[in-house]
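To start, the structure itself, in structure tokens.
Remember, predicted model here, so these are calculated numbers, not experimental data. In what follows, chains are A, B, ... by sequence order, proteins preceding strands, each numbered from 1.
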Number of protein chains: 2
Amino acid sequence: MLSPAEADQVFSALADATRRDILRRAMAGSEGVAELAERYPMSFAAVQKHVAVLERAGLVAKERAGRRKLVVTQVERLKQAQRLLDEYEALWRGRIERMSDILEGPQGGAA
Amino acid sequence: MLSPAEADQVFSALADATRRDILRRAMAGSEGVAELAERYPMSFAAVQKHVAVLERAGLVAKERAGRRKLVVTQVERLKQAQRLLDEYEALWRGRIERMSDILEGPQGGAA
DNA sequence: CATTGATACAACCTACTGGTTGTATGACGG
DNA sequence: CCGTCATACAACCAGTAGGTTGTATCAATG
């Protein structure tokens, strides 16, 4: 669903509070880069770079709106990341079950 | 649930394929650092550093077992990350509802 | 078509990351 | 207690990330 390289990109994009905030604001999809930039204590270009990171990770896209470009989150990528974490958690549950098997002894044990 | 700084640590820990793999292996919780290290094409010390990153992020802990230390994943942190992504997705759903409100027109509109 | 507003991009700097090797600590076996 | 296995840590290096400023493109407007 997410290749290892894509997962790298998605998680490292999420590993920055400013980018997570941009992602949240981009849910509404009504702000351009300039509007976003006003909200953070850094230069316009810095915010632009953050948006570019999110875009490369597939977490947002830009839509032309006149002379602006609106930043909108791509919720599908977010869901893919969720699913990856779900898989890990499923593995964990599997581990518990396997441990239970062991604790219940070899009655139904290996052939 | 996760402070911004903690979220930074968790996601940046997850943003590396080797570390995600270690995390999965650590679900079984029966391997020490040395056993893990054998599986990756890098030095023991490099794997040790990856484990340290996961540990600082709270995603794994080490349990002493004789002269070894077993690396075990802390599933609670994983769940906290999941919940964070759930929150984002909930925001998205909220956006959809708000958009529907708008599309349905101002019958119940602003006072 | 010149100006202005919004975005993009390049060059640069500093700090951190991911890897290396080498050395030190800690726990068990003889 | 001496050796050895397992882990930890420090020093170092190359590459990348996150910030800066400055310049260039692109679209609307007079």
Side-chain angles (χ1 to χ4, degrees), chain A residues 4-26 28-74, chain B residues 4-26 28-74:
Chain A
E6 287 170 333
D8 285 7
Q9 283 187 310
V10 170
F11 286 122
S12 87
L14 290 171
D16 181 287
T18 301
R19 283 196 294 261
R20 287 193 302 274
D21 200 71
I22 291 174
L23 192 64
R24 291 179 1 134
R25 293 194 185 283
S30 54
E31 294 185 276
V33 184
E35 285 97 326
L36 287 171
E38 282 170 16
R39 311 201 181 246
Y40 306 103
M42 66 187 71
S43 70
F44 179 80
V47 172
Q48 220 172 8
K49 278 198 190 180
H50 282 306
V51 173
V53 170
L54 289 167
E55 195 177 16
R56 258 178 277 133
L59 285 164
V60 306
K62 291 182 211 150
E63 284 177 11
R64 248 252 125 70
R67 53 177 76 177
R68 294 188 308 155
K69 286 195 180 174
L70 303 182
V71 179
V72 304
T73 89
Q74 304 282 107
Chain B
E6 287 170 333
D8 285 6
Q9 283 188 311
V10 170
F11 286 122
S12 87
L14 289 171
D16 180 287
T18 301
R19 284 196 293 263
R20 287 193 300 276
D21 200 71
I22 290 175
L23 192 64
R24 292 178 1 134
R25 293 194 184 282
S30 53
E31 293 185 276
V33 184
E35 283 98 325
L36 287 171
E38 282 171 16
R39 312 201 181 247
Y40 306 102
M42 66 187 70
S43 71
F44 178 81
V47 173
Q48 221 174 4
K49 278 198 189 180
H50 281 305
V51 172
V53 170
L54 289 167
E55 196 176 14
R56 258 177 276 134
L59 284 164
V60 305
K62 291 180 209 153
E63 283 177 12
R64 192 162 265 302
R67 56 177 74 177
R68 294 187 308 154
K69 285 194 181 175
L70 302 182
V71 179
V72 303
T73 88
Q74 304 281 109

query = Who passes side chain to side chain donor-acceptor pair (under 3.5 Å) against A:Arg39, sequence neighbours left out?
reply = A:Glu31
ask   = So which pairs with a foot in residues 42-55 of chain B pass side-chain hydrogen bond (donor to acceptor under 3.5 Å, both in side chains), sequence neighbours left out?
value = B:Arg19-B:His50, B:Glu55-B:Lys62
query = Of all of residues 45-57 of chain A, which get a heavy atom below 4.0 angstrom from DNA chain D, listed by number?
reply = A:Ala45, A:Ala46, A:Lys49, A:His50
For A:Asp16, all residues meeting side chain to side chain donor-acceptor pair (under 3.5 Å), sequence neighbours excluded = none
query = Which comes earlier along DNA chain D counting from the 5' end, the contact point of B:Glu31 or that of A:Phe44, where each point is its nearest nucleotide?
reply = B:Glu31
ask   = Does the side chain of B:Lys69 get closer than 4.0 angstrom to OP1 or OP2 of D:dA8 through an N or O atom?
value = yes
ask   = By salt bridge (Lys or Arg N to Asp or Glu O under 4.0 Å), which residues pair with B:Glu6, not counting sequence neighbours?
value = B:Arg77
request  = Specify the separation, in whole Å, of atom CE of B:Met42 and atom P of C:dG19.
outcome  = 4 Å
request  = Would you tell me if any nitrogen or oxygen in the side chain of B:Ser43 comes within less than 4.0 Å of OP1 or OP2 on C:dG19?
outcome  = no
query = Between D:dT7 atom C1' and B:Lys62 atom NZ, what is the distance in whole Å?
reply = 8 Å
task = Figure out the CG/P separation between A:Leu70 and C:dA6, and round it to whole Å.
result = 12 Å
request  = For DNA chain D, determine which residues of residues 4-26 of chain B have any heavy atom closer than 4.0 angstrom to one of its atoms, and list them numerically.
outcome  = none
B:Arg56: side-chain contact (heavy atoms from CB on, under 4.5 Å) partners, not counting sequence neighbours = B:Gln9, B:Ala52, B:Val53
remark   = One should read off an interatomic distance between A:Asp8 CG and B:Thr18 OG1, to the nearest 0.5 angstrom, of 8.5 Å
request  = Can you sort out the partners of B:Ala34 under side-chain contact (heavy atoms from CB on, under 4.5 Å), two or more places apart, ordered by chain and number?
outcome  = B:Phe44
note = Hits for side-chain contact (heavy atoms from CB on, under 4.5 Å) against A:Arg68, two or more places apart or cross-chain, chain-then-number order -> A:Glu35, A:Leu70
ask   = When you measure from the side chain of A:Arg25 to the backbone N and O of A:Val71, does any donor-acceptor pair fall under 3.5 Å?
value = no
message = Quick check for you: to the nearest 0.5 Å, what is the distance between A:Thr73 atom OG1 and A:Leu59 atom CG?
response = 8.0 Å
For nucleotides 28-30 of chain D, list the nitrogen or oxygen atoms of the protein found under 3.5 Å from its nitrogen or oxygen atoms, one pair per line.
from: D:dA28; atom 1: O4'; to: A:Arg67; atom 2: NH2; distance (Å): 3.4
from: D:dA28; atom 1: N3; to: A:Arg67; atom 2: NH2; distance (Å): 3.4

request  = Please list, chain by chain and in numerical order, all residues satisfying side-chain contact (heavy atoms from CB on, under 4.5 Å) with A:Arg67, sequence neighbours excluded.
outcome  = none
